[in-house]
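Read the structure below first, then the notes.
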Amino acid sequence: MAGGWSRDGAVSEQIEASIAEELERMKARRAPMGESRTHCAECEEEIPEARRTAIPGVKLCIDCQQERDGRPVSRAGFNRRGSKDSQLK
């Protein structure tokens, strides 16, 4: 991080650049790839042409996608920061 003899606003610019880079990385990761399916990969219902045009590479119908988005994401139950081992280092 900028500090010391850096010009005014350098820290803010560096933070904004880091945020912008992370947002671009997240957008690139979530973007569907390839050719859109004509029928849903889960329920085999037809995916409307408007959805296939709006989201290139779409694989799921709206209902299945909403269901998938609503599922809780399981995460590791081990808190590395709070463990005694990490505090001893």
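Count residues from 1 along the sequence. Since we're looking at a predicted model, the values are computed, not measured.
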Hey, does [Y] have a side-chain heavy atom less than 4.5 Å from the side chain of [X]?
X: Thr38; Y: Glu46; value: no
X: Glu24; Y: Glu21; value: no
X: Ile62; Y: Arg51; value: yes
X: Glu44; Y: Arg37; value: yes

Exercise: identify the closest heavy-atom pair between Cys61 and Cys40: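 What the structure gives for the nearest pair is N-SG, 3.4 Å.
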Other residues, nucleotides, ligands: >12 heavy atoms within 6.0 Å of Glu42 CD: yes
Ile55-Ile47 co-clustered via ILVMFWY side chain contacts under 4.5 Å: yes
Rounded distance [0.5 Å steps], SG in Cys64 versus CG in Asp69: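 Interatomic distance, Cys64 SG to Asp69 CG, rounded to 0.5 Å: 11.0 Å.
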